[in-house]
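The structure appears right after this line, and notes come after that.
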Amino acid sequence: MGLQARSKQRKLQPCPVPSAFPHSPPPLGPRLRAAPSGLCPAHALTAYRHRQCACAVPGCGLGGSGLAVQRRAVPCRPLEQVATMPVQLLKFIKGKLETQLPSHLQREDLKQLQTGLDHSNKYFQDTFVVAGFKVAESPTAREDGRHACHLQVSEEAGSAIYICTQPSTSPFSETTSASVAPKYVYTPLNCLKDGTVVNLYGIVKFFKPPYISKGTDYCSVVTLVDQSNEKLTCTLFNGNLESLPKIYKNGDIVRFHRVKIREYNGQMQGITSAGFASLTFDGTVGAPVVPRASSKVYTFIDEEQKTVEELRIWAASNLSVPGPEAKLSDVKPMMFFDLTCQLVGKAKVDGSSFLLKVWDGTKCPYPTWKVPVEEKELEGDKALLHRLRNVTVDVLAYDNHVQLAKSLKIGSFLRIYSIHTKQASATNEDISSHIEFHLHGGTCYGRGIGILPENNADVEELKTFLECVDLTDSQNMENMSSLELGDTFDNYTDLESPLQRCQQLSATVLTDHQDMSNTMLKTVLNSRAPQQYRIRAKLRSFKPQKLYQSVKLHCSKCNTLQEVPDGDAFDLILQGCAATAPNPELQSMSWYESVMWTTQEEKERKITIHFVKHYEMLQRPENTLLMIEGGTLKEIWKLTRRFKCVIPVKSKEDDLELLDLSAPFLLQGNIKYYGCKKCSNPKSIENLSSLAEKREPSWEPTEIAQVLGIELLQYVFVMKFTLVDGTGALNAYLFDYEKFFQIPASEILTNSFLQQKMEMTMNTLSPPGRKLGQFAVLEGDKNGKDLLVCCYVCRVLEFSLHLGKNQK
DNA sequence: TTAGGGTTCG
């Protein structure tokens, strides 16, 4: 599609040149951004409709026809909201224009565009996508012979203009629409006008977490501030909780699209308009810039990442948003505070109040109020509630909070805003007065309940903390019954029962290898390998007893096994690399976008993250591969929770390179991928760009390893089972790449749940301290779903012989 | 429509 645009001649009111906003382009009218291959973001061009402009800046006097193009950040007048662009269709046949453009127009390369030159008779050719337009009759069609219709676009109607930037494909193929980036204009908070619909960036100064309004929707009230120091309070409604901004604390940064501005009580006020959408970011300087989106589809470009980082820095030095956060161990009588906690139990108390039993792993220094509730009303794992009884507190939620409180899921992580601690007056029966926790009715001071997602940084921290809590310190041993003491001393009692219930290994009817009859072990032992048998045996013992020791790394090329390096070794390598400063010349190359910052710790450290682009654009975090220089182990783990792939690198003179292969060359989720030192032949890191150019990069570890010249080591279970059936004892060696009882070898080292599962599986197969006759009988299916399988054992035998040959 | 920031009945 070809598209010519010409601005409509309109008179504009003079407007003061906006003050410089480092985070935001000047408040211009609709803009287009072209970022063709090889054009760095700093030189990205901004094109916008433009009339004979009274702006004195050189380059602005481009006249009223043609497509005006200017460097961004050149102050100019804001344009009116409604644009009218005559449209004429140009036909292309085999990539060539069938219709001739007027002869006075000369084609301009986007890279050559610059200010100060006359572009009246220039055109450039790219693929545009215009969305959200109105079609109107062209008033000049008769005179100028153009198309009878033209398109009207306006920000208010949510119009967007896109330019395709796919470098390698013909700009006229159908596939180009796959990578387009809309461009939005963000209005500083001191430039808002009544009756407009705008896009905004701001730092959250105050917010009310979404609550159920008296109408039909959820409501959230958010007060923003930006570098202009102007405030804006927005009242946001939506029937869907998920569509409201995911703000968790003051200081978060938000991007709002399509906020309607109104004047109310002499002040500007924001309100949701049709198509309202938001992104929310952690406001902490240096934290990964990961959007929490209120809609499934959104755009977020590199330039905006800088906006967020600049807002963070501005906020750090210009705003103080001391949150009233506190741990249970910090509470005092008569205070209001925000509590980040996990929900352990809940109960209906009466019509106007609802009980939440929560903990944060710390202990309140005062005796706490226990709200009496009927046993049948209390929801939650009774054993867990009992175990945690001295570290949970009862929070009573009233009135409008009851409905939301009722709907909360046990085990979820919450932030309860503005809990009030109240000291109950001492009575005769209760000399030692206790503290009560109230979430009063209403939404004053942001009072309410927020549900935090599992990947929230504070939740991650809390979870880690909760896992380490030693409950024995908080148990009052003297008052415990003998039964309770039993609970305390047997750490597994509470955990084991639900787990066991879920994972009990039942006797199964074998479905695999029904064609084979069982063979006695004596016969197997007297046979020559290789052969396949089906056996029925009991597991007498297995090694190693410490199951994590059964996981090794195997190189299928040189057939060597090695231990999985521990985290300390990786940490040491990272520390060594952090001493080398990132090479500034390797920042933001054509295929990746870099962000560098310096930590504020005592010993300053430079961290650089290189985000690999896909068709010139950053992808959603969950699809993004990034490379990191100078990060610590903890930081790298944090990144792996949000991004698809993390590759630790260091700068050398002319390229980035992988670290020593004692360190993982790739991290995905909680899996560290290693390369064989002997068989790998590392290639240039730039080879990753070939994967990024794929239509949908899968970022498979095998593919990444291949392009980087790495011989990927595979995680394997290596175990020895001694099987008996009364006729003999057979050692069977397990060598399994994939899964053993649905437990992936690559994940067991970092997953305590899988470790417990494996331990229980093995204990069921070979219970410690029991007689042989009580052992589980080993059979099963080849998927390893229930018990060891005959074919499984056969494979093990074959492999053991194979290994035996190699070792000899 | 709802709410339009500014703590507490319990």
Side-chain angles (χ1 to χ4, degrees), chain A residues 189 192 194 202-225 230-241 243-245 247 249-252 254 256 259-274 276 319 321-326 331-339 347-356 368-373 393-405 416-425 427 433-450:
Chain A
L189 299 183
L192 299 173
D194 185 20
I203 300 148
V204 175
K205 193 179 182 313
F206 166 83
F207 74 106
K208 292 184 175 183
Y211 60 95
I212 300 160
S213 75
K214 287 174 184 159
T216 57
D217 292 329
Y218 285 94
C219 175
S220 183
V221 175
V222 184
T223 302
L224 304 180
V225 62
E230 193 70 33
K231 279 196 307 180
L232 177 76
T233 298
C234 301
T235 311
L236 311 173
F237 297 103
N238 203 297
N240 178 7
L241 187 66
S243 299
L244 287 171
I247 299 168
K249 55 169 69 168
N250 290 336
D252 278 353
V254 292
F256 288 167
V259 184
K260 188 160 197 169
I261 301 300
R262 279 197 213 152
E263 196 176 316
Y264 176 77
N265 280 348
Q267 283 195 315
M268 290 303 167
Q269 174 198 55
I271 192 158
T272 32
S273 79
F276 171 81
L319 292 180
V321 257
E325 284 183 60
V331 301
K332 296 176 176 58
M334 300 300 283
M335 69 186 276
F336 290 90
F337 73 107
D338 296 348
L339 178 67
K348 183 188 164 192
V349 179
D350 55 45
S352 68
S353 63
F354 197 86
L355 170 65
L356 299 176
T368 64
W369 183 38
K370 294 293 169 193
V371 180
V373 289
V393 298
D394 286 8
V395 180
L396 212 47
Y398 294 95
D399 303 338
N400 57 313
H401 307 297
V402 168
Q403 199 179 336
L404 188 64
I416 310 180
Y417 300 92
S418 209
I419 296 181
H420 182 208
T421 57
K422 186 178 166 189
Q423 187 153 31
S425 52
T427 62
S433 61
H434 57 243
I435 280 197
E436 299 176 357
F437 295 85
H438 297 272
L439 185 69
H440 296 291
T443 59
C444 282
Y445 275 82
R447 191 186 294 141
I449 304 170

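Proteins get letters first, then strands, A, B, ... in listed order; numbering begins at 1 in each.
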Expressed as a whole number of angstroms, how long is the span from A:Ile419:CD1 to B:dG10:C1'? 15 Å

Is A:Phe237 stacked on the base of B:dT1, meaning ring centres closer than 5.5 Å and planes within 30 degrees of each other? no

Between B:dG10 and A:Lys422, is there an OP1 or OP2 to side-chain N/O distance shorter than 4.0 Å? yes

Any idea which of B:dA3, B:dC9, B:dT7 is nearest the A:Phe336 side chain? B:dT7

Report the nucleotide, chosen from B:dT7, B:dT2, B:dG10, that has the shortest atom-to-atom distance to any side-chain atom of A:Cys444. B:dT7

Classify the nucleic acid contact of A:Leu236 as base, sugar-phosphate or nothing, counting any heavy atom under 4.0 Å across all strands shown. nothing

OP1, OP2 of B:dG5 versus side-chain N and O of A:Lys231: anything below 4.0 Å? no

Check: B:dG10 base within 3.5 Å donor-acceptor of A:Asp350 side chain: no

base_contact_polar (B:dG4 base, A:Thr233 side chain, donor-acceptor, <3.5 Å): no

Of the options B:dA3, B:dC9, B:dT8, whose atoms approach the side-chain atoms of A:Cys219 most closely? B:dA3

Are the ring of A:Tyr445 and the base ring of B:dG5 both nearer than 5.5 Å at their centres and tilted by less than 30°? no

Stacking check: are the rings of A:Tyr398 and B:dG10 less than 5.5 Å apart at their centres and under 30 degrees in tilt? yes

